[in-house]
Amino acid sequence: MNHEPLLHATPSGDVLKLRPEGPWTAANVVTLETLSRSVGADVDRSRAVSLDMSGISALDTLGAWVLEKLSRRAASSGRPAEFVGVADHFSGLMDEVRQVNRRTPAPAAAPNPVLARLGDLGKSAVGAREDVTIFLQMLGALFMAVVGVLRRPRSLRLTSLVYQLYRIGWQAIPIITLITFLIGAIIAQQGFFHFRRFGAESYTVDMVGILVLRELGVLIVAIMVAGRSGSAYTAELGSMKMREEIDALSTMGLDPVDVLILPRVAALVVALPILTFIGSIAALYGGGLVAQFYGDMGPAIYIARLHEAISVAHFQVGILKAPFMALVIGIVACSEGLRVKGSAESLGRQTTTSVVKSIFLVIVLDGLFAIFFASIGM
């Protein structure tokens with residue numbers, strides 16, 4: 001009996017006869033691979049291949065696979081290959097090896113575009129329901145936290161509240177003032193440019209005053225706060241969630257809503273009306289400068305026209321929207337922060353989602369308020 005595997009290659013006319021001998025097992029894997037490569041060129045040159053396995057003394061899965069690869073190498077070039085002299089106790093193993101990687105996967109049917117659209121619509125509906133559920137849960141948790149503060153005023157974290165007011169209120173004044181000033185100036189410039197054709201330049205002041213006080217003042221400020229402070233809230237809470245700091249608070253018996261979320265949302269509700277007032281004044285001032293230098297309208301005339309065009313009701317409409325928009329921004333930002341998983345990718349995705357959802361809901365809320373105030377005559 002041979003203790004080393006052998007492989008004899010004997011050309012016989014157009015047929016290459018291969019006769020493996022000895023133990024073709026995993027213990028001789030290096031030798032088997034060398035033997036297989038040594039006859040590779042002969043297999044490629046032949047027109048048919050015959051593998052006589054009568055001389056094999058031992059065979060396992062690896063040896064059977066080496067022989068099968070030789071057979072498939074010949075078959076891939078269109079040359080017939082057959083096994084002869086297979087012992088009965090090796091035939092089952094060879095049959096199993098021949099079936100390896102033989103099944104070709106059935107081609108996937110092209111998806112129905114209508115069903116695909118319906119599936120996407122269903123997923124969106126499920127996602128929207130989940131978002132609404134999370135929003136209402138956060139709203140309820142905030143309400144209970146406020147009730148707890150009213151019952152125990154000393155439980156309010158005043159230091160955290162003041163710090164958040166400083167961050168999202170005081171530090172935001174410069175950028176809010178600049179942007180709203182430019183918005184007011186642009187609206188006035190476009191109004192003077194177009195109304196001049198009809199000799200109705202004075203109505204530009206009406207447009208600037210009403211738009212800024214009722215709609216654009218609070219809307220622009222809310223959108224900027226959502227992008228600036230809302231994203232910061234989501235990133236902060238998401239980072240704490242990734243580092244398991246929120247779980248640590250719960251372990252210590254502290255409610256994360258009381259410690260982390262309530263001061264942030266309360267600061268937003270307080271700061272946004274103040275920022276809206278400052279932004280509206282800056283926008284009116286920008287419109288006044290454009291009226292003076294572009295529309296040849298002096299400050300006294302501009303102020304007098306504003307006094308005639310606007311009323312306290314216009315100012316009230318804009319200011320009343322601000323706390324509700326702040327509440328929506330705070331709830332969305334904090335809830336998205338708590339949905340962050342354990343990866344940086346999740347943090348970035350939830351931060352982006354927070355800003356997009358906040359801006360969308362702020363615009364929707366502004367439209368609903370516009371319909372409501374119009375229905376009651378304000």
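Both backbone and side-chain heavy atoms feed into the values below; hydrogens, waters and symmetry mates do not.
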Peer 1: How long is the span from the CD1 atom in I210 to the CG atom in D206, to the nearest 0.5 Å?
Peer 2: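 Interatomic distance, I210 CD1 to D206 CG, rounded to 0.5 Å: 6.0 Å.
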
Peer 1: Roughly how far, to the nearest 0.5 Å, is CD1 of I223 from CD1 of I359?
Peer 2: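 Between atom CD1 of I359 and atom CD1 of I223 there are 6.0 Å.
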
Peer 1: Starting from the C-alpha separation in whole Å, work towards a yes-or-no answer on side-chain contact (heavy atoms from CB on, under 4.5 Å) for R339 and E130.
Peer 2: CA-CA 12 Å; R339 296 174 73 178; E130 182 181 358; 3.6 Å; yes

Peer 1: Taking the side chain as every heavy atom from C-beta outward, state whether V355 and F360 have any pair of such atoms under 4.5 Å apart.
Peer 2: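 They are not in contact (no side-chain heavy atoms under 4.5 Å apart), so the answer is no.
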
Peer 1: Between side-chain atoms of residues 366-378 and protein atoms elsewhere (two or more places apart, or another chain), which donor-acceptor pairs fall under 3.5 Å?
Peer 2:
unit_1, atom_1, unit_2, atom_2, d
D366, OD1, K321, NZ, 3.0
S375, OG, I371, O, 3.4
S375, OG, F372, O, 2.5

Peer 1: Please report the interatomic distance CG(L219) to CG(L365), rounded to the nearest 0.5 Å.
Peer 2: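 Between atom CG of L219 and atom CG of L365 there are 10.0 Å.
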
Peer 1: Assess whether a salt bridge exists between D131 and K357, defined as any Lys/Arg side-chain N lying under 4.0 Å from an Asp/Glu carboxylate O.
Peer 2: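 Looking at K357 together with D131, the answer is yes, because their closest N to O distance falls below 4.0 Å.
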
Peer 1: Sub-3.5 Å donor-acceptor pair from the side chain of H314 to the main-chain atoms of S311, do we have one?
Peer 2: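 Yes, H314 side chain to S311 backbone: donor-acceptor pair under 3.5 Å.
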
Peer 1: May I ask whether V259 and L158 are part of the same hydrophobic cluster, defined by side-chain heavy atoms of I, L, V, M, F, W, Y residues being less than 4.5 angstrom apart, directly or through others?
Peer 2: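 Yes, because V259 and L158 connect within a single hydrophobic cluster, where side-chain heavy atoms sit under 4.5 Å apart.
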
Peer 1: Say you draw a straight line from OG1 of T234 to CD of E336; how long is it, rounded to the nearest 0.5 Å?
Peer 2: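 Interatomic distance, T234 OG1 to E336 CD, rounded to 0.5 Å: 6.5 Å.
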
Peer 1: In terms of the angle between their ring planes, are F181 and Y285 parallel, tilted or perpendicular, with boundaries placed at 30° and 60°?
Peer 2: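 Answer is tilted, since the angle falls between 30° and 60°.
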
Peer 1: Could you walk me through whether L338 and M138 pass the side-chain contact (heavy atoms from CB on, under 4.5 Å) test, one step at a time?
Peer 2: CA-CA 10 Å; L338 296 179; M138 182 61 69; 3.6 Å; yes

Peer 1: Would you indicate whether H194, at its atom NE2, is surrounded by more than 12 heavy atoms from other residues, nucleotides or ligands within a distance under 6.0 Å?
Peer 2: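 Yes, enclosed.
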
Peer 1: Is the closest side-chain heavy-atom distance between F315 and I310 below 4.5 Å?
Peer 2: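 No, side chains not in contact.
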
Peer 1: Cation over ring, R196 on Y294, under 6.0 Å and within 45°?
Peer 2: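 So R196 does make the cation-pi contact.
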
Peer 1: Apply the test side-chain contact (heavy atoms from CB on, under 4.5 Å) to residues E21 and I56: give CA-CA distance (whole Å), side-chain angles for both, the deciding distance (0.1 Å), then the verdict.
Peer 2: CA-CA 4 Å; E21 296 181 354; I56 293 180; over 6 Å; no

Peer 1: Got a list of side-chain donor-acceptor pairs under 3.5 Å for residues 260-281, not counting sequence neighbours?
Peer 2:
unit_1, atom_1, unit_2, atom_2, d
R264, NE, E236, OE1, 3.3
R264, NH1, L260, O, 2.9
R264, NH2, E236, OE1, 2.9
T276, OG1, L272, O, 2.8
S280, OG, T276, O, 2.8

Peer 1: Which value, rounded to the nearest 0.5 Å, describes the distance between D255 atom CG and S250 atom OG?
Peer 2: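 Separation between the atoms: 7.0 Å.
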
Peer 1: Quick one: does any side-chain atom of S354 pair with a main-chain N or O of Q350 as donor and acceptor, under 3.5 Å?
Peer 2: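 A pair under 3.5 Å: no.
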
Peer 1: Rounded to the nearest 0.5 Å, what separation is found between the OG1 atom of T204 and the CZ atom of R305?
Peer 2: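 Those atoms lie 9.5 Å apart.
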
